[in-house]
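Single-structure report; data block below.
Bear in mind the structure is a predicted one, so any value in this text is a computation, not a measurement.
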Amino acid sequence: MIDIERLKRHHPIIKDISEQKEVVWVNPDKTTFEEAIQGQELTMADIDDAEARLKRFAPLIMDHFPETKPRNGIIESELVRIPAMQALINEQYDSELKGELLLKKDSHLAIAGSVKARGGIYEVLKHTEDLALENGLLTTEDIIGEGNPEAYRKLATPDAREFFKRFKVQVGSTGNLGMSIGIMSAAIGFTVIVHMSADAKQWKKDLLRNRGVQVIEYESDYSEAVKNGRALSDEDPRSYFVDDENSRTLFLGYAVAAKRLVGQLEELDIKVDEDHPLFVYIPCGVGGAPGGVTFGLKYMFGDNVHCFFVEPTNAACMLTGMASGLNSEISVQDLGLTGLTHADGLAVGRPSGFVGGVMKPHLSGEFTVKDGKLYDYMRDLLKSEDIFLEPSACASFQGPVRLNKATETKLYIATRGLSDKMGEATHIAWATGGSLVPEEMREEYKNTYLKD
Ligand SMILES: *Cc1c(COP(=O)(O)O)cnc(C)c1O
């Protein structure tokens with residue numbers, strides 16, 4: 001049993017979290033990049049390997065998903081300046097955000113319409129490659145570097161699909177991960193089962209069923225869906241379980257985003273160096289997506305990038321784990337919170353222990369945000385930039401809104417000698433999802449106003 005009262009005395013922020021207050025937290029365990037990577041399990045070589053694998057599969061992806069043709073089968077999103085949103089934030093919330101605000105539109109990623117198109121699709125492809133290699137559909141020569149495109153294309157033939165149909169892929173999800181794993185697995189030909197928690201939206205279940213995915217619904221939360229999915233999968237030697245809480249593969253799929261961001265920043269003539277700091281704000285659920293992206297960004301920009309996660313006040317699991325030092329040993333339910341949130345993509349009560357460990361020396365800090373503000377930020381972005389994001393993704397704006405206002409982050413900026421460099425800073429709000437949200441849901445979101 002965790003002594004919660006004692007925990008609150010030692011870590012006042014835990015008390016604030018348990019009272020559902022919005023908080024800002026700076027990570028006391030963050031160290032320099034050089035120090036942080038010592039002894040870490042994953043390295044740059046692993047990110048390079050993941051990037052090369054995605055290149056090998058690009059011809060196959062193009063064949064299955066013609067919408068990826070403009071980028072030659074590489075699933076990547078735009079990075080855009082959002083000056084009107086920045087002006088609105090500064091005016092409406094008195095945020096005093098200097099430098100430049102950009103939006104990373106993973107909300108518009110091909111195939112899955114969310115950041116999950118990175119990790120989820122990558123993991124399905126990795127599993128496909130492993131099976132193909134073990135069973136002679138690919139040779140060891142085919143998979144070197146950027147690979148043999150013709151050999152990968154053959155994985156889409158009826159015979160190959162017949163082969164993959166004999167294997168199962170299963171995953172537990174609050175919605176978006178299930179969509180990315182489900183859509184990609186079904187395209188390859190796998191028999192696929194998605195275990196959906198109560199938070200998952202009906203339209204996501206419908207969309208998957210229409211693609212031949214078996215959806216099992218749970219009345220309980222995400223952890224239960226994962227637990228059941230894992231148990232069912234473990235019973236079946238031909239079944240592969242995508243483990244959102246522990247998967248290194250998912251994590252590396254997300255990390256590839258950082259390598260590609262380097263070129264995108266260059267194209268926009270944006271510098272990142274000692275005098276031009278980069279601040280990135282990413283919504284966090286179980287931690288894999290923001291953790292993977294952050295891990296990659298650290299390898300690209302080292303100490304010049306400052307990464308912050310954002311979580312809903314009712315489901316601030318990563319913050320609870322990191323601030324208490326208990327990592328995945330503690331859940332938000334232990335603090336008396338429900339874990340329920342309108343941000344379905346972030347509705348997770350217990351963080352990934354793996355990600356918490358990796359992030360400990362890298363992460364700059366965290367913001368939490370009330371559900372009501374997600375809808376406000378959503379309307380703000382629509383009004384100022386005419387871009388639609390789902391509520392979960394809008395959590396990212398809590399960063400730019402609060403950074404220059406909160407005592408904790410003001411101190412972070414000052415103690416790192418960044419105060420006079422903020423005019424040259426770049427801020428990226430990582431938009432993690434939204435383009436697949438059906439029109440009637442958008443209307444409902446636009447008209448949702450919460451007191452809190
Ligand atoms: C899944 C998801 C996240 C967070 O990713 P985790 O890996 O769960 O931390 C953020 N935003 C959206 C829209 C998501 O679907």
Side-chain angles (χ1 to χ4, degrees), residues 17 20-24 103-107 112-116 172-180 196-204 221-223 225 244 281-291 293 308-321 331-333 335 337-352 355 366-382 387-402 429-438 441-442 444-452:
I17 298 169
Q20 302 173 31
K21 287 186 183 150
E22 280 190 348
V23 297
V24 179
L103 190 71
K104 179 60 178 160
K105 292 172 73 177
D106 278 6
S107 44
S114 83
V115 68
K116 303 297 193 305
S173 171
T174 64
N176 284 342
L177 185 64
M179 292 231 290
S180 113
M196 287 283 203
S197 67
D199 310 280
K201 301 277 188 251
Q202 190 58 43
W203 67 268
K204 294 183 183 176
D221 74 351
Y222 166 80
S223 301
D244 200 11
Y281 313 93
I282 322 174
C284 176
V286 73
V293 170
F308 291 85
F309 292 175
V310 189
E311 292 182 286
T313 47
N314 275 333
C317 64
M318 186 58 74
L319 176 58
T320 300
S331 71
V332 300
Q333 284 79 8
L335 299 184
L337 299 176
T338 58
L340 297 176
T341 165
H342 284 241
D344 53 327
L346 316 178
V348 180
R350 187 183 296 278
S352 158
V355 174
E366 274 239 22
F367 298 85
T368 64
V369 60
K370 297 232 183 205
D371 281 10
K373 283 198 188 159
L374 302 178
Y375 294 102
D376 293 340
Y377 295 153
M378 189 196 79
R379 283 182 286 266
D380 293 340
L381 187 69
L382 261 174
I387 299 172
F388 174 84
L389 303 182
E390 64 185 90
S392 297
C394 295
S396 58
F397 293 113
Q398 183 76 341
V401 166
R402 299 285 293 136
W430 209 280
T432 46
S435 64
L436 294 190
V437 176
M441 284 299 296
R442 295 184 189 210
E444 191 182 317
Y445 288 156
K446 283 183 216 168
N447 294 303
T448 301
Y449 294 84
L450 304 177
K451 282 216 182 63
D452 230 2

[atom1]/[X] to [atom2]/[Y] distance, rounded to the nearest 0.5 angstrom?
X: Arg402; Y: Glu22; atom1: CZ; atom2: CD; result: 7.0 Å
X: Gln20; Y: Thr338; atom1: CD; atom2: OG1; result: 7.0 Å
X: Ser114; Y: Leu389; atom1: OG; atom2: CG; result: 12.0 Å
X: Lys370; Y: Lys373; atom1: NZ; atom2: NZ; result: 8.5 Å
X: Glu390; Y: Ser435; atom1: CD; atom2: OG; result: 9.0 Å
X: Leu346; Y: Asp371; atom1: CG; atom2: CG; result: 9.0 Å

**Asked** Picking from Val401, Thr313, Val310, what satisfies side-chain contact (heavy atoms from CB on, under 4.5 Å) with Val369?
**Response**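 Output: one option passes, namely Val310.
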
**Request:** Could you check Lys446, Met441, Arg442 and say which one makes a side-chain contact (heavy atoms from CB on, under 4.5 Å) with Glu444?
**Result:**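 With Glu444 as partner, Lys446, Met441, Arg442 yield a single side-chain contact (heavy atoms from CB on, under 4.5 Å), made by Met441.
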
Find out whether [X] and [Y] are in side-chain contact, i.e. whether some heavy atom of one side chain is under 4.5 Å from a heavy atom of the other.
X: Phe388; Y: Met378; answer: yes
X: Val293; Y: Lys104; answer: no
X: Tyr377; Y: Gln398; answer: yes
X: Thr368; Y: Leu319; answer: yes
X: Val348; Y: Asp244; answer: no
X: Pro391; Y: Tyr445; answer: yes
X: Thr320; Y: Glu311; answer: no
X: Met179; Y: Lys116; answer: no

**Prompt:** Would Leu340 and Asn314 satisfy side-chain contact (heavy atoms from CB on, under 4.5 Å), going step by step from the backbone distance to the final call?
**Reply:** CA-CA 6 Å; Leu340 297 176; Asn314 275 333; 5.7 Å; no

Would you name the heavy atoms of [X] and [Y] that are closest together and state the gap between them?
X: Pro400; Y: Tyr281; value: CD-CD1, 3.5 Å
X: Ser352; Y: Met318; value: O-CE, 4.1 Å
X: Met196; Y: Ala225; value: C-CB, 4.2 Å
X: Tyr375; Y: Thr448; value: CB-O, 3.5 Å
X: Ser180; Y: Ala112; value: CB-CB, 3.6 Å
X: Thr174; Y: Ser197; value: CA-OG, 3.5 Å

**Item:** Geometric cation-pi criterion, Arg379 with Tyr449: 6.0 Å, 45°
**Value:**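 Because its charged atom sits under 6.0 Å from the ring centre and within 45° of the axis, Arg379 does stack over Tyr449.
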
